[in-house]
**Student:** 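I'd like to ask some things about the structure below.
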Amino acid sequence: MKRRNVLAGLGALITGGCTKIGQTEWFGDVVDGAEKLSRGAHRMLGARPTMAREFTVADISPYFRGNGNTEIDTDTYRAQLASGFPDWRLEVRGLVDRPLSLSLEQIRALPQRTQITRHDCVEGWSAIGQWTGPRLSTILGQAGLKPQAKFAVFRCADSFGKAPYYESCDLDDALHPQTLIAHQLNGEPLPERNGAPLRLRIERQLGYKHAKYLTAIELVDSLDGIEGGGGGYWEDRGYQWYAGV
Ligand SMILES: Nc1nc2c(c(=O)[nH]1)N[C@H]1C(S)=C(S)[C@@H](COP(=O)(O)O)O[C@H]1N2
Ligand SMILES: [Mo]
């Protein structure tokens with residue numbers, strides 16, 4: 001698995017590391033950001049993080065299906081969706097120096113990255129889409145991580161019955177240059193089915209890690225005591241927490 005990741009990473013560096021669409025300065029960015037945030041917080045192989053493969057515009061799937069929850073049937077959500085989410089906030093809280101409450105406007109005003117990646121769902125389908133949004137590392141850099149922070153927990157607006165959807169990752173993935181808080185798919189605001197207005201892209205992992213309908217990011221030192229303690233809605237039901245592709 002590791003060897004495959006290294007090879008994929010090298011492939012990305014040679015063929016797609018400096019993508020025409022993505023920003024080219026990712027290496028400098030992540031190293032600076034990561035050092036400011038938490039020294040040594042991400043595992044490096046050699047000097048560079050392993051990258052998920054990036055594709056070209058010609059590879060984009062004509063239709064990016066929705067999976068899991070594809071709508072939210074509350075009056076508040078429907079009113080927000082109809083008006084372009086003027087009151088939506090993404091909170092950043094927990095083990096941070098400066099808790100944030102970001103509007104979509106503020107999120108769109110941050111430096112943006114666009115990347116074309118393949119989404120792989122454990123249910124046996126894949127799709128290639130172009131995602132745009134700030135890097136999560138940019139947002140975490142604004143909030144400032146406390147040294148005890150070990151995991152990012154992603155809170156979502158939807159649930160299955162009474163159980164809220166949620167996800168989590170370690171700081172290696174949270175600070176990875178391809179981990180985005182995406183607000184666009186294929187150059188348009190996210191459709192409802194794909195997680196409007198904000199969803200996580202965490203490209204080295206399987207579909208269920210890519211939390212949709214994001215409302216908050218919590219920095220914690222342990223996943224114990226959060227919902228079922230498994231670090232995610234599906235993990236609490238037996239799926240792997242580290243869902244490497
Ligand atoms: N909030 C939330 N996020 C979610 C899900 C969900 O049901 N709710 N389903 C997950 C699963 S299993 C997959 S494969 C992807 C599907 O993303 P898509 O709907 O954009 O295809 O979202 C993931 N994130
Ligand atoms: Mo999935």
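Note that these values count all heavy atoms, side chains included, but never hydrogens, waters or copies made by symmetry. All ligand and atom numbering here is 1-based and tracks the order in the structure.
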**Student:** What atoms of ligand 1 come within less than 4.0 Å of a heavy atom belonging to Y213?
**Tutor:** 1 (N)

**Student:** Using a 3.5 Å cut-off on N or O atoms only, is W131 in polar contact with ligand 1?
**Tutor:**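 No.
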
**Student:** Is D158 close enough to touch ligand 1? Criterion: a residue heavy atom under 4.0 Å from a ligand atom.
**Tutor:**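 Distance cut 4.0 Å: D158 passes for ligand 1.
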
**Student:** Just distances here: any N/O of N194 and N/O of ligand 1 closer than 3.5 Å?
**Tutor:** yes

**Student:** Tell me the contacting part of R193 for ligand 1: side chain, backbone, both, or neither, using a 4.0 Å heavy-atom threshold, strictly below.
**Tutor:** backbone

**Student:** What do you reckon, does N67 have a nitrogen or oxygen under 3.5 Å from a nitrogen or oxygen of ligand 1?
**Tutor:**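 Yes, N67 has an N/O under 3.5 Å of an N/O on ligand 1.
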
**Student:** Look at atom CG of D75 and say whether more than 12 heavy atoms of other residues, nucleotides or ligands are closer to it than 6.0 Å.
**Tutor:** no

**Student:** Considering only the protein, which heavy-atom contact is closest to atom 17 (O) of ligand 1, and what is its distance?
**Tutor:**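 Checked against all protein heavy atoms, atom 17 (O) of ligand 1 sits closest to R199 NH2, 3.1 Å.
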
**Student:** Please determine whether the number of non-hydrogen atoms from other residues, nucleotides or ligands lying under 6.0 Å from atom CD of E192 exceeds 12.
**Tutor:** yes

**Student:** Pick one: which of P197, P86, P189 meets side chain to side chain contact (heavy atoms under 4.5 Å, CB included) with L104?
**Tutor:** P197

**Student:** Looking only at protein heavy atoms, which one is nearest to atom 23 (C) of ligand 1, and how far off is it?
**Tutor:** G207 O, 3.3 Å

**Student:** Have a look at F154 and tell me which of T215, I202, L198, L136 forms a side chain to side chain contact (heavy atoms under 4.5 Å, CB included) with it.
**Tutor:**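 Of all the options given, the one that passes is L136.
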
**Student:** Looking at Y233, is R237 sitting on its ring face, NZ or CZ under 6.0 Å from the six-membered ring centre and within 45 degrees of the normal?
**Tutor:** yes

